[in-house]
Amino acid sequence: MPRLLADADEHLWVPVTGSLGFRGRRHRKAAIRMLLTQANRAAGAEGRPGSGFLAWVMSQATPLLMKRANGRVLVWVWKSDPDLLVAMAQVQEATSQARAARAMMPIEYDDTESFRNPHLGVGEKLAMPLPADARTPPFATYTWDTGSHFVTVTAVCADRERFGTVIGSIDDLARTVRIVDDLTVGESEGVLRIDPA
């Protein structure tokens, strides 16, 4: 299975992936609390913040889960305000079920624009600064189809008014995502690498 690499600006983003122990704990906890709060709001529990204890438990478990993902999932939080923004990149096999699920997404998800990544080529970007449902937080998602895998970057923002101020940095992060394959000598014979440009 291929792995993902990215060059997140360390002045803007704090990586959750690989941040074991105390390193990045405050940022992990804040990001998880924000996501739990957004999930509560989407479920109709308006105004109920994410559980502090549950966020703490998940912040302890998250790095271990990320380690088990072995580079298939990368997560960052916004450094200056971890409660504001979370971004996640993931790679998954492009099975027929995954393709069918993408084809059956709601009509508003068809409103995409082309987005170029120097490593993955041209993909799709969907920015939803003002989702129709007020309980849904603003988000942006980027998708590339490599033929055998889907690479996606998803960013969720807690504040509709501030989404426009961070979307440029999300674009910059998405442009750095790339796939790394581990090919053993002898297995690479017959594999043709084509520049996505």
Side-chain angles (χ1 to χ4, degrees), residues 1-10 12-20 24 27-28 31-32 35 38-39 58-59 61-78 85-106 109-110 112-128 137 139-157 166-197:
M1 184 73 170
R3 294 175 290 114
L4 292 175
L5 288 179
D7 301 316
D9 185 339
E10 62 183 21
L12 299 177
W13 301 96
V14 173
V16 172
T17 314
S19 61
L20 291 168
H27 288 84
R28 283 196 312 269
I32 291 168
L35 291 173
Q38 298 300 331
M58 291 178 71
S59 75
T62 298
L64 298 173
L65 294 173
M66 294 291 162
K67 192 171 184 180
R68 287 189 67 187
N70 195 25
R72 295 187 305 272
V73 178
L74 303 175
V75 180
W76 304 267
V77 297
W78 195 239
L85 184 63
V86 180
M88 179 176 72
Q90 62 181 343
V91 59
Q92 69 177 113
E93 192 175 348
T95 63
S96 55
Q97 292 88 349
R99 290 188 182 281
R102 283 180 52 78
M104 293 188 304
M105 293 177 89
Y109 286 79
D110 290 339
T112 61
E113 59 185 85
S114 294
F115 185 84
R116 177 156 175 66
N117 173 310
H119 311 287
L120 299 171
V122 177
E124 296 178 341
K125 171 186 172 181
L126 173 68
M128 298 286 280
F139 66 92
T141 183
Y142 308 76
T143 307
W144 294 269
D145 184 350
T146 69
S148 59
H149 293 85
F150 290 125
V151 177
T152 58
V153 176
T154 304
V156 179
C157 183
V166 296
I167 188 65
S169 298
I170 300 169
D171 286 351
D172 293 341
L173 174 64
R175 285 188 187 97
T176 71
V177 175
R178 58 197 178 276
I179 288 182
V180 177
D181 281 320
D182 292 327
L183 293 176
T184 306
V185 175
E187 289 182 339
S188 60
E189 188 175 334
V191 175
L192 175 63
R193 299 286 177 184
I194 301 174
D195 185 342

Quick one: do L126 and M105 satisfy side-chain contact (heavy atoms from CB on, under 4.5 Å)? Show the steps, please. CA-CA 12 Å; L126 173 68; M105 293 177 89; over 6 Å; no

Run the side-chain contact (heavy atoms from CB on, under 4.5 Å) check on L85 and W76 step by step: do they pass? CA-CA 9 Å; L85 184 63; W76 304 267; over 6 Å; no

Closest heavy-atom contact between [X] and [Y]?
X	Y	answer
A94	G147	CB-O, 4.0 Å
H119	R178	CB-CB, 3.5 Å
T176	A8	OG1-N, 4.4 Å
L4	R72	CD1-O, 3.8 Å
V75	V73	CG2-CG1, 4.0 Å
V91	P2	CG1-O, 3.7 Å

Among L173, T152, V151, D171, which residue satisfies the side-chain contact (heavy atoms from CB on, under 4.5 Å) criterion with Y142?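 Result for side-chain contact (heavy atoms from CB on, under 4.5 Å) with Y142: D171.
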
With sequence neighbours excluded, tell me which residues meet ring-ring contact (aromatic ring centres under 6.0 Å, His included) with F150.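 Result, ring-ring contact (aromatic ring centres under 6.0 Å, His included) vs F150: none returned.
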
Just how far is it from atom OG1 of T141 to atom CZ of F115, taken to the nearest 0.5 Å?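 Interatomic distance, T141 OG1 to F115 CZ, rounded to 0.5 Å: 11.0 Å.
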
Pairwise distance OG1(T95) to NE2(H149) - rounded to 0.5 angstrom: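 It comes to 10.0 Å.
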
Answer yes or no: is there a donor N or O on one side and an acceptor on the other, between the side chain of N117 and the main chain of V177, under 3.5 Å?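 Between the backbone of V177 and the side chain of N117 there is a qualifying donor-acceptor contact (under 3.5 Å).
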
Give the C-alpha distance, both sets of side-chain angles, the deciding distance and a yes or no for side-chain contact (heavy atoms from CB on, under 4.5 Å) between L12 and W78. CA-CA 6 Å; L12 299 177; W78 195 239; 3.9 Å; yes

Show every salt bridge (charged side-chain N to carboxylate O under 4.0 Å, His left out) that has at least one partner inside residues 97-106, sequence neighbours left out.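 Found R99-D145, R102-E124.
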
Kindly indicate whether the side chain of T146, heavy atoms from C-beta on, has any atom under 4.5 Å from the side chain of I179.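 Yes, at least one pair of side-chain atoms sits under 4.5 Å.
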
What verdict does the side-chain contact (heavy atoms from CB on, under 4.5 Å) test give for T154 and Q90, after you've listed the backbone C-alpha separation in whole Å, the side-chain angles of each residue and the deciding distance to 0.1 Å? CA-CA 9 Å; T154 304; Q90 62 181 343; 5.5 Å; no

